[in-house]
Amino acid sequence: MARETEFTDANLTQEDLEALDIGNFDYVRFTIADINGVSRTKMIPREHVQKFLHSGVSMYMGTLAFGVSGDITPLKESKLTGHMNGLARPMPGTIHRLPWASSKADVKIGQFLCETFWAKSYKDGAHQAACPRYVARKQLDRLKSLGYTLYSSFETEFCVYEKDRETPINTEHAMLSGILTDRHGDLLCDIESQLRKSGVDLQVLHPEYGHGQIEMALQPSFGIATVDQMFRLKDGVKAIAYRDGKIASFMTKPVFSDMGSGLHYNHSVWSNDSQTNAFYDPEKPDGLSTVAKSWIAGLVKHAPAITALCSPTVNCYRRLHSLMAPTNASWGIEDRTSAYRVKNHGPKETYVENRLASGAANPYLVMAATVAAGLDGIINNLDCPPAEQSEEALPLAKSLEQSLEFLEHDDVITGALGEEFVRWFTLLKRETEIVKTKEFDFSSKEAFEKEKEMYFDFI
């Protein structure tokens, strides 16, 4: 078996290094996505960037498992290594501008997306197996070995507030309102423009149903690029809104009695040459191929387990089991009440929308969980259940703790994602989130306020 450090695209090649024009930037950030999907970064002045391109920047080995507000998770590796440092290494093709990172016109800031590695003295400097971007890429590599690639996009919802953190920018339930679009047009245009300059390709943006709620949809793309863009989108939206005197939050349900925010994941499986949508079959009455049905079967089978990764905060369970949000492991064609809504509109527009994912989810883990579940369906040729709501459908968890238990008991998903990742993820959630809210009745305002304290600012 190949060592993890030999995994495809694990390091910048000489060709990558020669193609970089670091001179375009005054500073370069070396940034990782932690398990919560929160960015953790070090900023390097241009004069010193070159020395870190091969080795990466030193970073505390447990950074991936920081709580949302900085709590340190008690990992066994921390004790074994004396809380040593690891490395964050830049990944090929990820350098991009951050036009929102400085208000000074003469200061230009760039960013590498990085993955984390152990120090050479521990595990011979291998990848940290809990790194979300690495976990997602491993699933894509498994898919590639079967002759397929992933074509996908996210629709993300978030809420915008005034700086007091209590007042949403609108309180009307006016989805798609032209008036609200006009009212918030400067902010929306500023977000789209600056994200575009950073290489994030927004396809659609509009007011959603909830108080201060906005939806944005990315242009679909192949492979890891979609998730990289979604990760950057979240940081960009929050930074741009802040400079406009607002607070943007991807907390799933920041208003106790209002609609929650989702992170719907639209995806289809294509041939490795990106020419043929393997989900589409014109000979089938519903246009769905055998591959599509097997993939859906895998998603349905593992829905209870992957809900932990798609709805990974205590607060997410205020969105599930509510209007137009999933309650069980079901699928349906154009059915917004199902966990998986399927669109079947021809060879380019046949895909699955994973509606389990809540606004607070880490997009890398949404991708990883979705692919791991779908692959089980393809590899084992699982039979697809009927496209309908049924009393026999597996129920989804009603709490984060229950979701974690479903995850831990699903050998297929835990095996695909890896022991280290699952252990770090479940420990992080129990030690930095669940423990802070378990003394409260979930239906109480006190519990909700504790959730808002944890999640509002940094998710």
Side-chain angles (χ1 to χ4, degrees), residues 33-38 68 132-133 135-136 139 150 152-158 218 226-227 230-231 234 250-253 260-267 295-296 298-322 324-331 336-342 351-377 393-410 412-414 416-417 421-422 425-426 428-429 433-434 455 459:
D34 73 10
I35 290 174
N36 284 313
V38 174
V68 174
R133 191 176 189 271
V135 172
Q139 303 314 305
L150 197 69
S152 65
S153 175
F154 287 93
E155 300 171 38
T156 183
E157 296 167 343
F158 57 91
L218 287 170
T226 293
V227 201
M230 185 61 229
F231 171 64
K234 294 180 78 168
F250 290 80
M251 177 180 173
T252 297
K253 198 163 184 180
S261 292
L263 181 66
H264 301 161
Y265 185 47
N266 302 317
H267 65 281
W295 184 274
I296 293 167
L299 295 180
V300 170
K301 174 185 174 183
H302 298 291
I306 70 172
T307 298
L309 301 158
C310 293
S311 288
T313 72
V314 174
N315 177 258
C316 289
Y317 295 82
R318 298 185 186 278
R319 168 185 169 264
L320 296 179
H321 304 278
S322 64
M324 288 195 291
T327 61
N328 56 28
S330 57
W331 76 281
R336 278 189 169 88
T337 67
S338 295
Y340 307 107
R341 179 188 182 196
V342 175
Y351 59 90
V352 177
E353 177 185 354
N354 179 350
R355 296 176 63 83
L356 293 174
S358 297
N362 180 338
Y364 291 108
L365 300 185
V366 173
M367 170 185 270
T370 300
V371 176
L375 276 172
D376 184 44
L394 295 170
L396 302 179
K398 293 188 176 181
S399 71
L400 179 57
E401 175 58 41
Q402 189 179 19
S403 272
L404 295 179
E405 292 170 7
F406 285 153
L407 172 63
E408 289 170 321
H409 288 90
D410 190 317
V412 170
I413 299 301
T414 57
L417 302 181
F421 168 77
V422 173
F425 177 81
T426 54
L428 164 68
K429 293 298 165 181
E433 297 175 42
I434 293 173
Y455 301 126
I459 287 292

Inset, instruction - Output, in order, the C-alpha distance, side-chain angles, deciding distance and verdict of side chain to side chain contact (heavy atoms under 4.5 Å, CB included) for F425 and L404. - result: CA-CA 9 Å; F425 177 81; L404 295 179; 3.6 Å; yes
Legend entry - Considering all heavy atoms, the nearest A33-P132 contact: O-CD, 3.5 Å
Legend entry - L299 backbone acceptor or donor facing Y340 side chain under 3.5 Å: yes
Inset, instruction - Starting at CG of L263, measure out to CZ of F158 and round the result to the nearest 0.5 Å. - result: 12.0 Å
Inset, instruction - Indicate yes or no for a side-chain donor-acceptor contact from S399 to the backbone of Q402 under 3.5 Å, with no hydrogens or angles considered. - result: yes
Legend entry - Heavy-atom pair with the smallest gap, counting every atom of A329 and L396: N-CD2, 4.1 Å
Legend entry - Check: T226 and H267 side chains under 4.5 Å, non-hydrogen atoms: no
Inset, instruction - Would you sort out whether Y317 and T307 count as a side chain to side chain contact (heavy atoms under 4.5 Å, CB included), showing the intermediate values? - result: CA-CA 10 Å; Y317 295 82; T307 298; 3.7 Å; yes
Legend entry - Straight-line distance of L428 CG to I35 CD1, nearest 0.5 Å: 5.5 Å
Inset, instruction - Quick one: closest heavy-atom pair of L356 and R319, and the distance? - result: O-NH1, 3.5 Å
Legend entry - S338 OG to E353 CD distance, which is reported to the nearest 0.5 Å: 10.5 Å
Inset, instruction - Quick one: closest heavy-atom pair of S330 and N328, and the distance? - result: OG-OD1, 2.8 Å
Inset, instruction - For T252 and A360, indicate whether the former's side chain and the latter's backbone hold a donor-acceptor pair under 3.5 Å. - result: yes
Inset, instruction - Classify the side-chain pair S153/Y351 by whether it contains a donor and acceptor separated by less than 3.5 Å. - result: no
Inset, instruction - Hey, could you give me the CD1/SG distance between I459 and C316, rounded to the nearest 0.5 Å? - result: 8.0 Å
Legend entry - Donor-acceptor pair between N315 and T313 side chains, under 3.5 angstrom: no
Inset, instruction - Examine distances only and state if a side-chain atom of H321 and a backbone atom of A397 form a donor-acceptor pair shorter than 3.5 Å. - result: yes
Inset, instruction - Could you tell me which non-hydrogen atom of A361 sits nearest to which non-hydrogen atom of C310, and how far apart they are? - result: CB-O, 3.3 Å
Legend entry - Student check: side-chain heavy atoms of M367 and L150 closer than 4.5 Å: yes
Inset, instruction - Check step by step if side chain to side chain contact (heavy atoms under 4.5 Å, CB included) holds for F421 and L309. - result: CA-CA 11 Å; F421 168 77; L309 301 158; 3.7 Å; yes
Inset, instruction - Evaluate the side-chain proximity of N36 to E433: yes if any heavy-atom separation is below 4.5 Å, no if none is. - result: yes
Legend entry - Pairwise distance CD(E401) to OG1(T426) - rounded to 0.5 angstrom: 9.0 Å
Inset, instruction - Drop me the distance from L394's CG to K301's NZ, to the nearest 0.5 angstrom. - result: 11.0 Å
Inset, instruction - Apply the test side chain to side chain contact (heavy atoms under 4.5 Å, CB included) to residues S261 and F250: give CA-CA distance (whole Å), side-chain angles for both, the deciding distance (0.1 Å), then the verdict. - result: CA-CA 7 Å; S261 292; F250 290 80; over 6 Å; no
Legend entry - Side chain proximity check, R355 to T337, heavy atoms < 4.5 angstrom: no
Legend entry - Closest approach of L400 to S311 (non-hydrogen atoms, all atoms of both residues): CD1-O, 4.0 Å
Legend entry - Flag side-chain contact, heavy atom, 4.5 Å: T327 against P395: no
